[in-house]
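Count residues from 1 along the sequence. Counting starts at 1 for both ligands and their atoms, following the listed order. Here the structure is a predicted model, which means the values were calculated and not measured.
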Amino acid sequence: MIGRLNHVAIAVPDLDAAIATYRDVLGAKVSKPVAQPAHGVTVVFIELPNTKIELLHPLGEKSPIQGFLDKNATGGIHHVCYEVEDILAARDKLKAEGMRVLGDGEPKIGAHDKPVLFLHPKDFNGTLVELEQA
Ligand SMILES: CC[C@H](C(=O)O)C(=O)SCCNC(=O)CCNC(=O)[C@H](O)C(C)(C)COP(=O)(O)OP(=O)(O)OC[C@H]1O[C@@H](n2cnc3c(N)ncnc32)[C@H](O)[C@@H]1OP(=O)(O)O
Ligand SMILES: [Co+2]
């Protein structure tokens with residue numbers, strides 16, 4: 001089912017500071033911030049040779065990552081994103097196996113203009129999992 005690691009996401013309390021660290025201290029190529037109101041976050045991508053890092057900052061009153069940042073004031077690894085060939089087939093298989101698909105279970109268009117879904121961290125060793133249609 002899962003294929004490539006598309007990205008590892010880090011929730012950050014201060015997006016400008018995190019951008020500066022990755023750009024100036026780690027010498028990484030950092031994208032411009034992109035507001036994703038449908039997801040309640042602003043995102044920045046850092047392209048690496050073998051995957052991407054996604055920096056996340058809350059956007060709006062009801063950001064799904066606010067609770068995480070309240071518990072982790074300096075930020076932290078928020079989720080991993082795996083690519084899947086067929087996100088609906090993957091969803092149906094996971095639900096059949098009793099895994100919790102977050103939200104209404106329907107994929108939303110994510111940061112790469114592809115359908116994405118999220119799986120409950122408690123079903124995956126305390127790790128929030130995002131699936132992105134390859
Ligand atoms: C633009 C899209 C972009 C992309 O395409 O790449 C994105 O990635 S958007 C990313 C932001 N969107 C989401 O994260 C959507 C899915 N997330 C959620 O629905 C929530 O964050 C949820 C339900 C995972 C957690 O929400 P919240 O923290 O408000 O709920 P709880 O406090 O009830 O948490 C339940 C339980 O899970 C633990 N938890 C929460 N977040 C994480 C996490 N990131 N990793 C691991 N564990 C997490 C939390 O501590 C609670 O555990 P407990 O032991 O009960 O305290
Ligand atoms: Co993501």
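At under 3.5 Å, not a single nitrogen or oxygen of G110, backbone or side chain, sits near a nitrogen or oxygen of ligand 1. Of the N or O atoms in H112, none lie within a sub-3.5 Å distance of an N or O in ligand 1. Checked against a 3.5 angstrom limit, the closest N/O atoms of E130 and ligand 1 fall inside it. In terms of polar-atom proximity, Q36 is not counted as a contact of ligand 1, lacking any N or O under 3.5 Å from an N or O of the ligand.
Nearest protein heavy-atom contact of atom 11 (C) of ligand 1 is I65 CG2, 3.8 Å. Considering only non-hydrogen protein atoms, atom 45 (N) of ligand 1 sits nearest to H78 O, 3.7 Å. The protein heavy atom nearest to atom 55 (O) of ligand 1 is K122 CE, 4.0 Å. Summary of contacts: the protein heavy atom closest to atom 21 (O) of ligand 1 is P64 O, 3.0 Å. Ranking the protein heavy atoms by distance from atom 22 (C) of ligand 1 puts L102 CD1, 4.5 Å first. The protein heavy-atom contact nearest to atom 49 (C) of ligand 1 is K71 NZ, 3.5 Å. Given atom 39 (N) of ligand 1, the protein heavy atom at minimum distance is P121 CG, 4.0 Å. Considering only non-hydrogen protein atoms, atom 3 (C) of ligand 1 sits nearest to E54 OE2, 3.3 Å.
Using a 4.5 Å cut-off on side-chain heavy atoms (C-beta onward), M99 and F124 make contact.
In this structure, a donor-acceptor pair under 3.5 Å is absent between the side chains of E132 and H7.
The aromatic rings of H112 and F45 lie tilted to each other, with the angle between the two planes from 30° to 60°.
Set against the non-hydrogen atoms of H7, the atoms of ligand 1 under 4.0 Å away are 6 (O).
Take the N/O/S atoms of E130: the one nearest the Co ion (ligand 2) is OE1. Note on E54: its N/O/S atom closest to the Co ion (ligand 2) is OE1.
Taking 2.8 Å as the criterion, C81 does not count as a coordinating residue of the Co ion (ligand 2), since none of its N, O or S atoms falls below it.
Salt bridge annotation for K29-E47: absent, with no cationic side-chain nitrogen under 4.0 angstrom from a carboxylate oxygen. Using a cut-off of 4.0 Å between Lys/Arg side-chain N and Asp/Glu carboxylate O, R91 and E106 are scored as salt-bridged.
Ranked by closest heavy atom to atom 7 (C) of ligand 1, the top entry among F45, F118, F68 is F118.
The closest approach between any non-hydrogen atom of G126 and ligand 1 is below 4.0 Å.
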